[in-house]
2 protein chains.
Amino acid sequence: MKAKITLKDIARELEVSISTVSKALKNSEEISRDTKEKVQAFAKLYNYKPNNIAISLKNKRTKNIGVVIPAIVHHFFTTVIRGIEKYANAHGYNVIVCLSEESFDKEVINMEMLANGSIDGFIMSLSSETQQKGDYNHLKEVTEQGIPVVLFDRITNEIDCDKVVIDDQFGAYMATKKLIDQGRRKIALITTDDYLSVSKARTEGYRKAFEESDIEINESRILKLSTMGIVDEERIQEFFDSNEVDAVLCVNEIFTVYSMRLVQEKGLNIPNDISFIGFTDGKLSKYANPSLTVVAQHGEKMGEIAAQMLIDKVESEKEEESFQTKILEPTLVIRNSTIN
Amino acid sequence: MKAKITLKDIARELEVSISTVSKALKNSEEISRDTKEKVQAFAKLYNYKPNNIAISLKNKRTKNIGVVIPAIVHHFFTTVIRGIEKYANAHGYNVIVCLSEESFDKEVINMEMLANGSIDGFIMSLSSETQQKGDYNHLKEVTEQGIPVVLFDRITNEIDCDKVVIDDQFGAYMATKKLIDQGRRKIALITTDDYLSVSKARTEGYRKAFEESDIEINESRILKLSTMGIVDEERIQEFFDSNEVDAVLCVNEIFTVYSMRLVQEKGLNIPNDISFIGFTDGKLSKYANPSLTVVAQHGEKMGEIAAQMLIDKVESEKEEESFQTKILEPTLVIRNSTIN
DNA sequence: TATTAACACGAAACCGTTTTCGTTCAATAC
DNA sequence: GTATTGAACGAAAACGGTTTCGTGTTAATA
């Protein structure tokens with residue numbers, strides 16, 4: 001086991017000072033050509049690599065980004081991580097991922113762990129419990145300490161920071177409108193409780209499309225399910241047993257594919273008897289049978305933008321308190337669960 | 001913006017030395033009750049939290065685990081991350097995730113970035129390009145430096161370290177055997193090139209089941225696809241056009257669901273005309289239509305075990321060079337793509 | 001010959017901790 | 001009254017770098 005070599009080791013071997021070695025490796029003008037070559041050759045030979053921790057301590061910069069998300073098994077979040085990774089790595093940053101598992105406490109603990117020097121900034125999406133409680137003190141604390149934060153997807157207006165979201169309301173509006181235009185009138189909405197910022201916006205978009213077309217909404221056609229844990233299959237079953245619907249808009253992939261299978265088992269044909277539109281352009285949608293028409297959220301893009309915003313803030317010297325909210329346009333990906 | 005408070009700040013305010021503050025906060029016997037109370041109260045008031053970076057530098061321990069995986073959009077890997085996170089967080093460790101995107105170069109770069117002090121150990125699954133090249137020098141280097149490594153799923157025998165895998169051969173054997181027992185004889189295998197350790201093992205299991213039942217294998221029923229990029233839909237199409245099969249074993253979810261839709265479009269009934277078994281018990285399988293019988297890999301469990309093995313090594317003082325390979329048993333999850 | 005400037009390098013502070021090893025002072029023992 | 005002990009605290013080194021500010025040497029200039 002050959003231990004890592006340090007500046008001190010090189011200095012000792014070459015009988016120069018640590019400062020000289022440090023400067024020589026940085027190709028400083030101060031150091032003679034001879035010495036530089038000697039030091040650099042030696043460093044290369046012994047595969048010297050500076051210790052990141054020491055550098056972090058000195059510059060008060062870790063080149064690490066903390067990402068706190070509610071879950072990782074949701075396709076949308078994994079695509080966002082991918083986007084973050086992509087941009088961050090290209091700019092020399094590492095990504096530390098922490099899962100809140102939709103729990104307020106875990107979110108707080110994870111942030112505290114990371115906030116004490118481990119990272120230069122946060123990219124996060126709020127846990128549903130946090131949004132339900134409406135308690136954002138942990139976020140306030142880090143921003144007050146001067147740690148930049150970028151919120152994405154599940155955001156809050158109570159915190160002043162950069163944000164990236166898609167226009168969820170428009171996405172739902174667009175989808176609902178399409179269903180209406182195709183002559184559907186009994187359009188169900190399967191969503192989650194309103195405290196989730198995205199679900200609320202999507203519900204609004206759904207309502208807006210109806211209002212604009214002067215169609216009355218049948219409130220019993222709106223089903224609100226819990227975000228926690230597994231899908232409440234029984235409630236979905238009941239819902240379809242007791243409601244007549246000719247189209248369904250769902251706020252995530254799982255709700256959609258599960259519902260689709262249910263109505264197929266009842267003997268209905270998709271999309272002839274009933275149309276489906278989901279949110280998130282993931283694999284479930286792509287490989288569903290029939291393949292699913294969805295509102296694409298462009299998670300990877302979102303991740304890249306979030307990373308860019310964060311790194312910009314981290315690397316900008318000035319302390320301007322100007323925050324922006326980027327709103328991405330969702331797009332409708334037409335597949336076979338709607339009439340073409 | 002209130003900046004983070006340090007030991008020095010506390011020391012100055014309270015007119016004691018830094019050492020005293022440090023000891024007081026650790027409840028050292030050396031410090032008088034009075035002073036301890038004073039210091040602790042002050043620290044609490046100003047929400048003092050020690051700087052992780054400084055501590056890392058001092059103890060040469062970061063409490064960070066580096067995870068390098070080929071991709072994150074595969075359900076299996078996300079479940080493993082989840083397991084790692086779970087165990088790691090419970091033991092005070094953070095998880096730094098890096099994606100190699102199946103690229104050898106990215107794998108090397110990521111490891112080098114992390115190996116210079118950022119992490120205490122690695123948990124990783126090899127990129128397909130790495131397995132293809134058979135070049136493991138980057139792994140050798142970190143192990144020689146004394147950094148513990150745990151390999152999972154896609155492993156190599158050329159590196160001495162702890163490993164966690166499922167018994168892929170047995171998994172494939174079990175699945176194939178089941179199909180044979182149900183009277184299927186024209187069983188196709190859709191897999192990837194043999195350089196992927198897992199694919200190789202699965203192919204062996206497939207062969208073993210045939211040998212044991214004294215059935216000749218029709219080599220044209222084995223389809224090898226690339227791991228890179230997207231699914232080669234054309235080759236799958238051709239394959240089914242030119243081969244007569246009554247059952248299919250696929251080494252991942254995507255291959256399976258795509259093939260299923262294809263044969264359904266050709267008018268075949270699953271599972272009556274043709275059975276399907278896939279690998280990985282993910283959402284695609286669960287929500288496919290019909291729901292998919294799979295060989296479950298227990299990714300979360302795998303992640304937990306990997307994290308446990310790594311942390312054990314990291315925290316064990318002694319330098320015993322003993323490595324173990326944990327082999328998890330896969331289980332067959334029976335759903336509706338096979339005859340019950 | 002004395003002054004000066006450029007050059008090449010080293011000493012030391014610093015980042016924020018931990019920890020070892022004094023040191024001071026008062027109380028006790030002899 | 002002196003030596004010993006222990007309690008309570010501080011100084012300083014260490015972790016591994018970066019960076020500022022000397023400093024000694026040499027060569028060019030006055």
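In this structure Asp162(B) satisfies the side-chain hydrogen bond (donor to acceptor under 3.5 Å, both in side chains) test together with Lys313(B), sequence neighbours excluded. Remark: Asn52(A) pairs with Ser118(B) by the side-chain hydrogen bond (donor to acceptor under 3.5 Å, both in side chains) rule, at least two apart or across chains. Taking Phe104(A) as the reference, His138(A) meet the ring pair (Phe, Tyr, Trp, His ring centres under 6.0 Å) condition, with sequence neighbours excluded.
In plain terms, the two heavy atoms of Ile119(B) and Ile147(B) that are nearest each other are CD1-CG2, 4.1 Å. Between Lys326(A) and Ile305(A), the closest heavy-atom pair is CD-CG2, 4.0 Å. Taking every heavy atom of both residues into account, Pro148(B) and Val314(B) meet most closely at CG-CG2, 3.9 Å.
A side chain to side chain contact (heavy atoms under 4.5 Å, CB included) with Glu107(B) is found for exactly one of Asp135(B), Ile69(B), Leu126(B), namely Leu126(B).
If you check every strand for non-hydrogen atoms under 4.0 Å, Thr35(A) touches sugar and phosphate atoms only.
Between the CD1 atom of Ile53(A) and the C1' atom of dT17(C) there is a distance of 13 Å, given to the nearest Å. Rounded to a whole Å, the CZ atom of Arg33(A) is 13 Å from the P atom of dC9(C). Put simply, CZ on Arg61(B) is 17 Å from C1' on dT19(C), counting in whole angstrom units. Here dC9(C) presents its C1' atom at 13 Å from NZ of Lys36(A), a figure rounded to the nearest Å. If you measure from atom CD of Glu15(B) to atom P of dG10(D), you get 10 Å, rounded to the nearest angstrom.
Side-chain contact check for Val67(B) versus Met124(B): every heavy-atom pair is 4.5 Å or farther apart.
Applying a 4.0 Å cut-off to non-hydrogen atoms, the residues of residues 18-31 of chain B that approach DNA chain D are Ser19(B), Thr20(B), Lys23(B), Glu30(B), Ile31(B), listed by residue number.
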Check nucleotides 14-16 of chain C for protein N or O atoms closer than 3.5 Å to its own N or O atoms and list the pairs.
from    : atom 1 : to       : atom 2 : distance (Å)
dC14(C) : O2     : Lys58(A) : NZ     : 3.0
dC15(C) : OP2    : Lys8(B)  : NZ     : 3.1
dG16(C) : OP1    : Lys60(A) : NZ     : 2.7

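Two end axes, each from the C1' atoms of five base pairs, can be drawn for the helix from dT1(C)-dA30(D) to dC30(C)-dG1(D); they diverge by 80°, to 10 degrees.
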